[in-house]
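Below you'll find the structure, written out as structure tokens, and then a few comments.
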Amino acid sequence: MNQFGHNFRLAIWGESHGHQIGISLDGVPAGIPLSEEDFAEDLARRRSGAPGTTPRREPDVPQIVSGVYDGYTTGAPLTIEFANTNTHSQDYSTVMRHYRPSHADLVAYHKFAGFNDPRGGGHFSARLTVALVAAGVVAKKMLPASIRFATRLTEIGGCTDPERFNEVLHAAAADRDSVGGIVECRVQGVPLGLGQPFFDSAESMIAHLLFAVPAVKGVEFGSGFAGARLRGSENNDSFTDCDGTTATNNAGGINGGITNGNEIVVRAALKPTPSIGREQITYNLATNRVEPLEIHGRHDVCVALRGAVVVEAAVAIALANFIRQ
Ligand SMILES: Cc1cc2nc3c(=O)[nH]c(=O)nc-3n(C[C@H](O)[C@H](O)[C@H](O)COP(=O)(O)O)c2cc1C
Ligand SMILES: C=C(O[C@@H]1CC(C(=O)O)=C[C@@H](OP(=O)(O)O)[C@H]1O)C(=O)O
């Protein structure tokens with residue numbers, strides 16, 4: 001299903017090289033001021049142009065086609081669309097048979113019996129994350145004003161020094177290769193009490209959305225995997241007051257699936273871009289042989305660069321689901 005959520009429900013649609021992609025949001029309260037300009041800042045954070053990002057440039061102008069009247073949300077389903085204006089579909093003429101390693105071409109072909117749209121990865125393309133970012137903008141408006149997001153790239157290609165990120169990107173690009181990255185999202189001002197035991201815990205909802213983001217292969221909260229290597233005495237977060245403020249935050253702001261009032265700290269690991277310029281030896285259904293594949297097209301060297309704001313949007317959408325109207 002292409003739908004998510006309870007209190008704040010999303011339905012996402014479109015293909016990378018189709019006419020449009022978009023998202024319909026249900027459960028948006030009436031009376032929130034909303035205009036196309038409100039999306040500009042976050043959309044700019046996702047747009048390509050910086051070193052290491054895809055040469056496919058799109059204006060990404062949001063069109064609100066329902067749910068807003070006279071500058072305010074109406075409480076009816078809110079639909080936002082984006083035109084695809086820069087497609088080079090000829091780049092994908094062979095992927096229906098000579099599948100790209102670690103992209104979705106093969107699984108899409110088999111699951112949908114060859115009826116999938118292979119152009120630009122079709123419905124599996126990160127192009128759809130433009131719509132997720134738009135939903136994130138609406139989600140942020142639904143959240144308490146106390147909530148503040150701080151999202152950054154902590155690692156690219158194994159390098160943790162932001163001053164050297166561009167070197168790492170250049171080196172990978174020069175090798176016609178790609179690198180992965182880690183995005184950290186911190187959320188301050190989160191009230192204690194968001195999250196529903198058992199299945200709709202704050203971690204479950206956030207992780208559910210993060211794993212929907214293409215290329216996300218790992219999610220951790222607080223001390224995460226490193227915490228598994230600590231002792232309880234090292235990992236426990238002592239309370240410093242009756243409100244639940246803690247001296248450390250190894251829990252990443254969540255206990256028992258419920259936000260504890262401390263900062264939420266969540267990290268997403270994004271794998272290296274699967275489409276690389278280097279030749280790869282891989283199965284070709286057209287010839288029934290394993291043979292060299294040369295991938296064409298315009299690709300990110302590191303998807304985590306543009307993925308940072310997508311991760312932030314996913315966290316915002318998950319939290320907005322806990323807001324009761
Ligand atoms: C912001 C963003 C940009 C991406 N850009 C590309 C790209 O240019 N080329 C590519 O092959 N994959 C790109 N991806 C990743 C693929 O969409 C993704 O790996 C593919 O859909 C398979 O899904 P999976 O990696 O979750 O298995 C991007 C992902 C994100 C989040
Ligand atoms: C279009 C976007 O990124 C695209 C994501 C993507 C992929 O495989 O996910 C592959 C490339 O598509 P194309 O070959 O059509 O240029 C990227 O440019 C976008 O993010 O808006």
Side-chain angles (χ1 to χ4, degrees), residues 12 14-18 20-23 42-50 52-62 81-95 99-109 111 116-134 136 151 153 156 169 172-173 176-183 185 207-219 268-278 280 282 293-314:
I12 196 163
E15 289 87 17
S16 183
H17 291 199
Q20 285 143 311
I21 60 122
I23 197 154
D42 279 2
L43 291 174
R45 291 167 65 195
R46 204 202 72 94
R47 193 166 295 125
S48 60
T53 61
T54 173
R56 176 170 165 179
R57 290 277 282 170
E58 301 257 7
D60 291 342
V61 178
E81 295 181 355
F82 295 86
N84 292 324
T85 58
N86 182 1
T87 56
H88 287 186
S89 297
Q90 64 278 15
D91 292 339
Y92 292 88
S93 54
T94 56
V95 305
Y99 319 104
R100 289 171 294 166
S102 294
H103 212 295
D105 307 329
L106 181 144
V107 288
Y109 180 84
K111 184 167 175 68
N116 60 298
D117 179 350
R119 301 166 304 162
H123 188 61
F124 294 87
S125 170
R127 176 78 191 134
L128 274 78
T129 62
V130 72
L132 211 57
V133 169
T151 304
L153 262 169
I156 287 186
L169 292 168
R176 295 195 296 152
D177 216 328
S178 64
V179 282
I182 297 178
V183 174
C185 178
H208 188 154
L209 265 166
L210 284 175
F211 279 120
V213 175
V216 169
K217 284 297 198 183
V219 171
L270 287 93
K271 73 186 195 185
T273 316
S275 302
I276 54 175
R278 266 187 181 208
Q280 299 170 88
T282 190
L293 166 70
E294 205 179 306
I295 294 175
H296 304 286
R298 304 159 294 172
H299 298 283
D300 293 285
V301 177
C302 177
V303 305
L305 298 166
R306 297 192 301 124
V309 67
V310 181
V311 165
E312 183 175 298

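In listed order, ligands and their atoms are each counted from 1.
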Legend entry - Neighbour count above 12 (heavy atom, 6.0 Å) for His299 NE2: yes
d(Ile295 CD1, Asp91 CG) to nearest 0.5 Å is 11.0 Å
Ligand 1 to Lys271, heavy atom cutoff 4.0 Å, flagged ligand atoms 19 (O), 24 (P), 25 (O), 27 (O)
Rounded to the nearest 0.5 Å, the NE2 atom of His103 sits from the OG atom of Ser125 at a distance of 6.5 Å
for atom 8 (O) of ligand 1, nearest protein heavy atom and its distance come out as Asp300 N, 2.9 Å
the protein heavy atom lying closest to atom 30 (C) of ligand 1 turns out to be Ala126 CB, 3.3 Å
Looking only at heavy atoms, the pair that brings Phe124 and Ala108 closest together is CE1-CB, 3.5 Å
Within the 4.0 Å heavy-atom cut-off, what Arg46 brings close to ligand 1 is neither
In this structure, atom 13 (C) of ligand 1 is nearest to the protein heavy atom Val303 CG1, 3.7 Å
In ligand 1, the atoms that come under 4.0 Å of a heavy atom of Thr273 are 6 (C), 7 (C), 9 (N), 10 (C), 11 (O), 12 (N), 13 (C)
Between ligand 2 and the protein, give all atom pairs where both partners are nitrogen or oxygen and the distance is under 3.5 Å, as lines of names plus distance to 0.1 Å.
unit_1, atom_1, unit_2, atom_2, d
ligand 2, 3 (O), Arg306, NH2, 3.2
ligand 2, 8 (O), His103, NE2, 2.7
ligand 2, 9 (O), Ala126, N, 2.8
ligand 2, 14 (O), Tyr92, OH, 2.4
ligand 2, 15 (O), His17, NE2, 2.6
ligand 2, 15 (O), Arg56, NH1, 2.7
ligand 2, 16 (O), Arg298, O, 3.3
ligand 2, 18 (O), Thr54, OG1, 2.9
ligand 2, 18 (O), Arg298, O, 3.3
ligand 2, 20 (O), Arg46, NH1, 2.8
ligand 2, 20 (O), Arg46, NH2, 3.3
ligand 2, 20 (O), Arg306, NH1, 3.0
ligand 2, 20 (O), Arg306, NH2, 3.0
ligand 2, 21 (O), Arg46, NH2, 2.7
ligand 2, 21 (O), Arg127, NH1, 3.0

Verify whether one side chain among Thr54 and Arg298 offers a donor that lies under 3.5 Å from an acceptor in the other. no
Exercise. Looking at ligand 1, does any of its N/O atoms fall within less than 3.5 Å of an N/O of Thr54?
Worked result: no
* To do: Before signing off on this row, confirm whether Thr129 and ligand 1 have an N or O atom pair separated by under 3.5 Å.
  => no
Quiz prompt | Pairing of Arg278 and Glu294 as salt bridge, 4.0 angstrom limit | solution = no
Q | Ring centroid separation Tyr92 to His17 under 6.0 Å | A | yes
Salt bridge flag under 4.0 Å for residues Arg127 and Asp60: yes
N/O separation below 3.5 Å, Ala215 to ligand 1 | yes
When Val213, Thr53, Thr273, Val310 are each screened for side chain to side chain contact (heavy atoms under 4.5 Å, CB included) with Val303, the one that passes is Thr273
- prompt: Quick one: are Phe82 and Val61 in side-chain contact, heavy atoms under 4.5 Å?
  reply: no
I'd like to know whether Glu58 forms a side chain to side chain contact (heavy atoms under 4.5 Å, CB included) with Val130, so could you lay out the CA-CA distance, the side-chain angles of the two residues, the decisive distance to 0.1 Å, and finally the verdict. CA-CA 10 Å; Glu58 301 257 7; Val130 72; over 6 Å; no
shortest atom 20 (C) of ligand 1-to-protein heavy-atom contact is with His103 CE1, 3.5 Å
protein heavy-atom neighbour closest to atom 11 (O) of ligand 1 works out as Ser275 OG, 2.6 Å
Leu169 and Val179 have their tightest heavy-atom pair at CD2-CG2, 4.1 Å
* Using non-hydrogen atoms of the residue, decide whether Pro274 is closer than 4.0 angstrom to ligand 1. => yes
Note: ligand 1 atoms sitting under 4.0 Å from heavy atoms of His299 are 7 (C), 8 (O), 9 (N), 10 (C), 11 (O)
Checklist entry - Taking atom types as modelled, is there a side-chain donor on Ser16 or Arg119 under 3.5 Å from an acceptor on the other? => result no
**Message:** If I apply the N/O under 3.5 Å rule, does Phe124 come out as touching ligand 1?
**Reply:** yes
Min over Pro214, Pro272, Gly120 of heavy-atom distance to atom 18 (C) of ligand 1 lands on Pro214
